[in-house]
Novice: 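Below is a structure I'd like to ask you about.
None of these values were measured; they are calculated from a predicted model. FYI, side chains are in, hydrogens and waters are out, and symmetry mates aren't considered; it's all heavy atoms of this structure. Letters go in sequence order (proteins before strands), and every chain restarts at 1.
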Protein chains: 2
Amino acid sequence: MTTNTLVPVLAALGDETRWSILVALGESDASASALAGMLPITRQAIAKHLAVLQAVGLVASARRGRELRYRVLGSQLSETARKLEQIGADWDRRLVAIKRIAEEL
Amino acid sequence: MTTNTLVPVLAALGDETRWSILVALGESDASASALAGMLPITRQAIAKHLAVLQAVGLVASARRGRELRYRVLGSQLSETARKLEQIGADWDRRLVAIKRIAEEL
DNA sequence: GATTACTGCAACTCTAGGGTTGCAGTAATC
DNA sequence: GATTACTGCAACCCTAGAGTTGCAGTAATC
């Protein structure tokens, strides 16, 4: 559903450890325990990060037997990118307008 | 120069107060003191946020008489957006490939 | 049914950083 | 030259959250 509040998504993305998790999931779906075997932190810490990522729609989970497998959602990243692109373009547009006015003086 | 380490930029963008500042600067350049008149926090707090934003290339400053005027840099936002777009696309590509394999079974 | 992986919850530590106050420095204005 | 805005620095408070340990719950496997 990509529920977007923008800033929370960016806050979630502003953490190196969470990127380690996202990169790992980007290569292959995995459970919290499996991720704990790859990263230098505990499973519980990873579980918390996964909860954050899931809350902002960057990750989704599904039961697979007795384990909870997580997968990464590229759509949320794309949507966030589009919004940033939009805002940046707006700013540049204003600056260009100012420049034009300055040159006419 | 848009020096990009990506995660620090996203961390800088993951704060509501800093967005208030960016939005204000998006409408018009301003000094820290001027911003303090618009937002419900002190000038010093704003100065810290501006330092963070400047460190990651989202904002630039220039002396204008006795005040330091800040302006927003859309280019950094656009560049960040492009990187996110790229990564999201990569993830989706892998997921599409997996789906294809699954359907062939 | 006992054992073996998983997940889930709770309490706790510790640091980063968002915010504050207070004061010193410096450039315009009168 | 005195006053009046600005910026800059330092010390401090306080909370959010990243990480930990420990244990209970639950679903496979033997």
Side-chain angles (χ1 to χ4, degrees), chain A residues 5-25 27-73 76 80, chain B residues 5-25 27-73 76 80:
Chain A
T5 14
L6 220 226
V7 181
V9 178
L10 293 167
L13 291 174
D15 181 279
E16 299 279 2
T17 301
R18 278 195 284 269
W19 271 102
S20 308
I21 293 174
L22 288 174
V23 168
L25 290 180
E27 293 178 2
S28 158
D29 297 359
S31 66
S33 296
L35 289 168
M38 316 174 193
L39 301 175
I41 56 175
T42 59
R43 172 185 64 84
Q44 287 82 346
I46 290 175
K48 286 188 187 178
H49 285 302
L50 287 170
V52 172
L53 293 171
Q54 186 162 26
V56 298
L58 282 166
V59 130
S61 64
R63 278 229 121 79
R64 182 96 168 176
R66 70 179 159 189
E67 71 180 2
L68 238 197
R69 292 186 74 85
Y70 287 85
R71 70 175 188 281
V72 89
L73 297 181
Q76 175 64 295
T80 301
Chain B
T5 16
L6 221 223
V7 181
V9 178
L10 294 167
L13 291 173
D15 182 277
E16 300 279 1
T17 302
R18 277 195 286 269
W19 271 101
S20 307
I21 293 174
L22 288 174
V23 167
L25 290 180
E27 292 178 4
S28 157
D29 297 359
S31 66
S33 295
L35 289 167
M38 315 175 193
L39 302 176
I41 57 176
T42 58
R43 172 185 63 83
Q44 288 83 346
I46 290 176
K48 285 187 187 178
H49 285 304
L50 287 171
V52 171
L53 293 171
Q54 186 163 24
V56 299
L58 281 166
V59 131
S61 64
R63 279 229 119 79
R64 183 96 169 176
R66 70 180 160 190
E67 70 181 0
L68 238 197
R69 290 186 76 83
Y70 287 85
R71 70 174 188 281
V72 90
L73 299 179
Q76 176 64 294
T80 301

Novice: Quick one: are B/Val52 and B/Asp15 in side-chain contact, heavy atoms under 4.5 Å?
Specialist: no
Novice: Just how far, in rounded Å, is P of C/dG25 from CG of B/Leu68?
Specialist: 19 Å
Novice: Classify the side chain of A/Lys48 versus the base of D/dG19 as yes if they form a donor-acceptor pair under 3.5 Å and no if they do not.
Specialist: yes
Novice: Could you check how far CH2 of B/Trp19 sits from P of C/dG18, rounded to whole Å?
Specialist: 16 Å
Novice: Taking the side chain of B/Thr17 as its heavy atoms from C-beta onward, which of C/dA28, C/dG19, D/dT7 lies nearest to it?
Specialist: C/dG19
Novice: From CD1 of B/Ile46 over to P of C/dG18, roughly how many Å is that when rounded to an integer?
Specialist: 14 Å
Novice: Any donor-acceptor pair under 3.5 Å joining the side chain of B/Gln44 to the base of C/dG18?
Specialist: no
Novice: What's the CG-P distance between A/Leu39 and D/dG19, to the nearest Å?
Specialist: 10 Å
Novice: Mind checking A/Ala32 for me? I need base, sugar-phosphate or nothing, with any heavy atom below 4.0 Å counting as a touch.
Specialist: sugar-phosphate
Novice: So do A/Leu22 and A/Val59 actually touch side chain to side chain, heavy atoms under 4.5 Å?
Specialist: yes
Novice: What is the distance, rounded to the nearest whole Å, between atom CD of B/Glu16 and atom C1' of C/dG19?
Specialist: 16 Å
Novice: Using 0.5 Å steps for rounding, measure from the CG atom of B/Leu25 to the CE atom of B/Met38.
Specialist: 8.0 Å
Novice: Return whichever of A/Pro40 or B/Arg66 has its heavy-atom-nearest nucleotide of DNA chain D closer to the 5' end.
Specialist: B/Arg66
Novice: Could you check whether B/Arg64 gets within reach of a base, just the sugar-phosphate, or nothing at all, counting any heavy atom under 4.0 Å?
Specialist: nothing
Novice: Got a donor-acceptor pair under 3.5 Å from the side chain of A/Arg43 to the base of C/dG8?
Specialist: yes
Novice: Output yes when at least one side-chain N/O atom of A/Thr42 is less than 4.0 Å from OP1 or OP2 of D/dG19, else no.
Specialist: no
Novice: Tell me: CD of B/Glu67 to P of C/dT29, nearest whole Å?
Specialist: 11 Å
Novice: Measure the spacing between NZ of B/Lys48 and CG of B/Leu50 and express it to the nearest 0.5 Å.
Specialist: 12.5 Å
Novice: Would you classify B/Arg18 as touching base, sugar-phosphate or nothing, given that sugar-phosphate means primed atoms plus P, OP1 and OP2, and contacts are heavy atoms under 4.0 Å?
Specialist: sugar-phosphate
Novice: Which is true for B/Arg63 with a 4.0 Å heavy-atom rule: it touches a base, it touches only sugar-phosphate, or it touches nothing?
Specialist: sugar-phosphate
Novice: State whether B/His49 places a side-chain N or O below 4.0 Å from either non-bridging phosphate oxygen (OP1 or OP2) of C/dG17.
Specialist: no
Novice: Does a side chain donor of either B/Glu67 or B/Ser33 reach within less than 3.5 Å of an acceptor in the other side chain?
Specialist: no
Novice: Rounding to an integer number of Å, can you tell me how far B/Leu13 CG sits from C/dG18 P?
Specialist: 13 Å
Novice: Can you confirm whether B/Ile21 sits close enough to B/Tyr70 that some side-chain heavy atom of one is under 4.5 Å from a side-chain heavy atom of the other?
Specialist: no
Novice: For the CG atom of A/Leu10 and the OG1 atom of B/Thr80, what is their distance to the nearest 0.5 Å?
Specialist: 9.5 Å
Novice: Would you indicate which nucleotide in D/dG19, C/dA5, C/dG19 comes nearest to any side-chain atom of B/Ile41?
Specialist: C/dG19
Novice: Nearest 0.5 Å, what's the CD1-OG1 distance between B/Ile41 and B/Thr17?
Specialist: 5.0 Å
Novice: Under a 3.5 Å cut-off on both pairing distances, which runs of 3 or more consecutive Watson-Crick or G-U pairs involve DNA chain D?
Specialist: C:1-30 with D:1-30
Novice: Establish, with yes or no, whether the OP1 or OP2 oxygen of D/dT7 is under 4.0 angstrom from a side-chain nitrogen or oxygen of B/Ser31.
Specialist: yes
